[in-house]
Participant: 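Got a structure for you, written out below as structure tokens; questions coming shortly.
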Amino acid sequence: MESQTKAIRIEQNGGPEVLKLVTVTVPAPEKNEVTIEQKAIGLNFTDVYCRTGLYPRPLPHGLGFEASGVVKAVGAEVRHLKVGDRVAYGQSPIGAYAEIRNVPGHQVVKIPDGVSFEQAAAIMLKGLTAQYLLRQTYRLQGDETILFHAAAGGVGLIACQWARALGVKLIGTASSPEKATLAKAHGAWEVIDYTRENVADRVSELTGGKKVPVVYDSVGKDTWLTSLDCLQPRGLMVSFGNASGPVQGVNLGILASKGSLYVTRPVLGAYVPTYEKLKQASDELFGLVLEKKITPIIGQRFALKDAGAAQTALVERKTTGSTIFTLG
């Protein structure tokens, strides 16, 4: 049965002003889908990239990939979910900025008792990102010292807590003393204020000249060379975001000159392509939340109609932790 709902749509790429709250029709779910009445929606930098056109999509389209809510209808081929289940997803077809929507069942997991809708929306994409970074892209064993940029952000604060749970010394970067204090309070071993300190020099100092085996970098263009300078010979550069703009024009020879370095540009979808892999990753994430080793940090809440203001705050680095849209 179809229903009417409010959703954010854009008809052209551009600034926050292109975001429009409109009424759309949600059809009955396809056989492999579930209909979700959403309770909270996560805000992520990838939403901004889709709005501006850095990540191009056929127009017009919605925005968003992460949310939580209650299952209202279930397609005939979906076996692991039923009407009334509390659920969440961290990747989906674009369009999470909506009160009601359909999502492929294999991208949806149940929320365990003890985790709220807001916590789930704040942690699914960011927490699954931290999972694949720390447990798959470079599987941390517990005796490493690592560098993680934007340590006070949504992914960063989860990574700080996860690293602490693993016994890893996480060196974070942040843009203010307040953000540095926040990251340290949530598990960072040390935090470098990059507006006041030279990151590569400080990393060398903190590691006794050894530097680090892996750098996790969601900033992109502005930190590319600095990150390479923080790596040990044969170290791994994990470039997983573009907050300052995409890394372009890379001369592979620089990897040789800086120590036979490795580089990867991972995305979540390649690490959780099936329901089985998604459930395995989300079980590990939710397990740490239930054990109180990771606490979702929600720094900001907005109404869906204020999506433009929320994205502006994110881009201007005025946010800490996760930002969510609340729907009641």
Side-chain angles (χ1 to χ4, degrees), residues 44-46 48-50 52-56 126 128-141 143-153 155-156 159-160 162-163 168-175 183 188-273 315 317:
N44 296 281
F45 250 108
T46 189
V48 178
Y49 305 152
C50 292
T52 62
L54 177 63
Y55 292 173
K126 302 168 193 69
L128 291 174
T129 297
Q131 195 278 340
Y132 86 71
L133 291 173
L134 304 186
R135 308 299 287 151
Q136 297 189 68
T137 304
Y138 186 103
R139 188 172 178 85
L140 297 172
Q141 302 301 313
D143 57 355
E144 301 91 348
T145 301
I146 67 172
L147 178 65
F148 204 105
H149 287 292
V155 177
C160 287
W162 208 315
V168 169
K169 292 181 177 178
L170 183 148
I171 302 171
T173 68
S175 60
W189 175 57
E190 293 287 350
V191 182
I192 302 166
D193 181 345
Y194 65 79
T195 67
R196 303 179 182 205
E197 301 175 277
N198 181 289
V199 173
D201 288 350
R202 186 73 176 121
V203 166
S204 183
E205 180 183 335
L206 288 169
T207 59
K210 293 181 179 179
K211 302 186 180 181
V212 297
V214 60
V215 174
Y216 297 102
D217 189 337
S218 63
V219 178
K221 179 180 64 176
D222 289 356
T223 50
W224 168 252
L225 290 176
T226 294
S227 293
L228 298 183
D229 285 337
C230 294
L231 284 165
Q232 299 170 358
R234 298 179 63 190
L236 176 63
M237 168 65 171
V238 183
S239 179
F240 69 99
N242 317 282
S244 66
V247 177
Q248 296 178 326
V250 175
N251 177 358
L252 289 179
I254 199 170
L255 302 177
S257 65
K258 291 186 178 294
S260 296
L261 304 179
Y262 295 87
V263 64
T264 184
R265 180 58 177 89
V267 294
L268 175 60
Y271 285 85
V272 289
V315 170
R317 293 184 169 87

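Note that the numbering runs from 1 along the sequence shown for the chain.
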Participant: Can you tell which of D229, T173, V215 makes a side-chain contact (heavy atoms from CB on, under 4.5 Å) with V199?
Facilitator: T173
Participant: I need the L140 CG to K169 NZ distance, nearest 0.5 Å.
Facilitator: 14.0 Å
Participant: Using only heavy-atom distances, determine whether the side chains of D193 and T195 contain a donor-acceptor pair under 3.5 Å.
Facilitator: yes
Participant: Could you check if a side-chain atom of F148 sits within less than 4.5 angstrom of a side-chain atom of D217, using non-hydrogen atoms only?
Facilitator: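 They are not in contact (no side-chain heavy atoms under 4.5 Å apart), so the answer is no.
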Participant: Determine which pairs satisfy side chain to side chain donor-acceptor pair (under 3.5 Å) with at least one residue from residues 231-240, sequence neighbours left out, and list them in order.
Facilitator: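 Pairs touching residues 231-240 that pass the test: none.
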Participant: Determine yes or no for a side-chain-to-main-chain donor-acceptor pair under 3.5 angstrom, with R135 supplying the side chain and Q131 the backbone.
Facilitator: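 It does not hold such a pair.
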Participant: Would the distance check show the side chain of Y49 and the main-chain N or O of P56 forming a donor-acceptor pair, the cut-off being under 3.5 Å?
Facilitator: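 No: the side chain of Y49 does not pair with the backbone of P56.
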Participant: Once you round to the nearest 0.5 Å, how far does CG of L147 lie from CG of L231?
Facilitator: 8.0 Å
Participant: Could you state the interatomic distance from CD1 (I146) to CG (L236), rounded to the nearest 0.5 Å?
Facilitator: 11.5 Å
Participant: Short question: side chain of R317, backbone of S175 - any donor-acceptor pair under 3.5 Å?
Facilitator: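 Side chain of R317 to backbone of S175: no pair is present.
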Participant: Between K126 and N44, is there a side-chain heavy-atom distance shorter than 4.5 Å?
Facilitator: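 They are in contact (side-chain heavy atoms under 4.5 Å apart), so the answer is yes.
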Participant: Within the structure provided, determine whether L268 and Y132 are in side-chain contact (heavy-atom separation under 4.5 Å).
Facilitator: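 Side-chain contact under 4.5 Å: yes.
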Participant: Under a 3.5 Å cutoff, is there a donor and acceptor pairing between the side chains of S218 and H149?
Facilitator: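 There is no such pair between these side chains.
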Participant: So do the side chains of L228 and L261 get within less than 4.5 Å of each other, counting heavy atoms only?
Facilitator: yes
Participant: Can you tell if the side chain of V238 reaches within under 4.5 Å of the side chain of V214, non-hydrogen atoms only?
Facilitator: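 SC-SC contact between V238 and V214 confirmed.
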Participant: Considering only heavy atoms from C-beta outward, does the side chain of W224 approach that of M237 to under 4.5 Å?
Facilitator: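 Result yes, sub-4.5 Å side-chain heavy-atom pair found.
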Participant: If you look at every heavy atom in A163 and L134, which pair is closest and at what distance?
Facilitator: N-CD1, 4.3 Å
Participant: Going by atom types alone, do Y194 and T223 pair a side-chain donor with an acceptor below 3.5 Å?
Facilitator: no
Participant: Quick check: closest heavy atoms across C230 and A200, and the distance to 0.1 Å?
Facilitator: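 Here C230 and A200 meet closest at SG-CA, 3.6 Å.
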Participant: Which heavy atom of A183 sits nearest a heavy atom of C160, and at what distance?
Facilitator: O-SG, 4.0 Å
Participant: Is any side-chain heavy atom of Y271 closer than 4.5 Å to one of T137?
Facilitator: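 Sidechains of Y271 and T137: in contact.
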Participant: Taking D201's backbone N and O only, do any of them form a donor-acceptor pair with S204's side chain (distance below 3.5 Å, no angle check)?
Facilitator: no
Participant: T145 vs W189, test: side-chain contact (heavy atoms from CB on, under 4.5 Å). Steps then yes/no.
Facilitator: CA-CA 9 Å; T145 301; W189 175 57; 4.0 Å; yes
Participant: State whether the side chain of T207 and the backbone N or O of V203 hold a donor-acceptor pair below 3.5 Å, judged by distance alone.
Facilitator: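 Pair found, side chain donor or acceptor close to backbone of V203.
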Participant: Taking atom OG1 of T129 and atom OH of Y216, what is their separation to the nearest 0.5 Å?
Facilitator: 12.5 Å
Participant: Is the backbone N or O of R139 less than 3.5 Å from a side-chain atom of Q141, with the two atoms forming a donor-acceptor pair by type?
Facilitator: yes
Participant: side-chain hydrogen bond (donor to acceptor under 3.5 Å, both in side chains) with Y262: which residues, sequence neighbours excluded?
Facilitator: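 Y262: no side-chain hydrogen bond (donor to acceptor under 3.5 Å, both in side chains) contacts found.
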Participant: How far does CG of L128 sit from CD of Q136, to the nearest 0.5 angstrom?
Facilitator: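 Separation between the atoms: 9.5 Å.
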Participant: Quick one: side-chain hydrogen bond (donor to acceptor under 3.5 Å, both in side chains) partners of K221, sequence neighbours excluded?
Facilitator: none
Participant: With the side chain counted from C-beta on, respond yes when N242 and R265 share a heavy-atom pair under 4.5 Å apart, and no when they do not.
Facilitator: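 SC-SC contact between N242 and R265 confirmed.
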Participant: Output the distance between atom OH (Y55) and atom CZ (F45), rounded to the nearest 0.5 Å.
Facilitator: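 Reported to 0.5 Å precision, the distance equals 11.0 Å.
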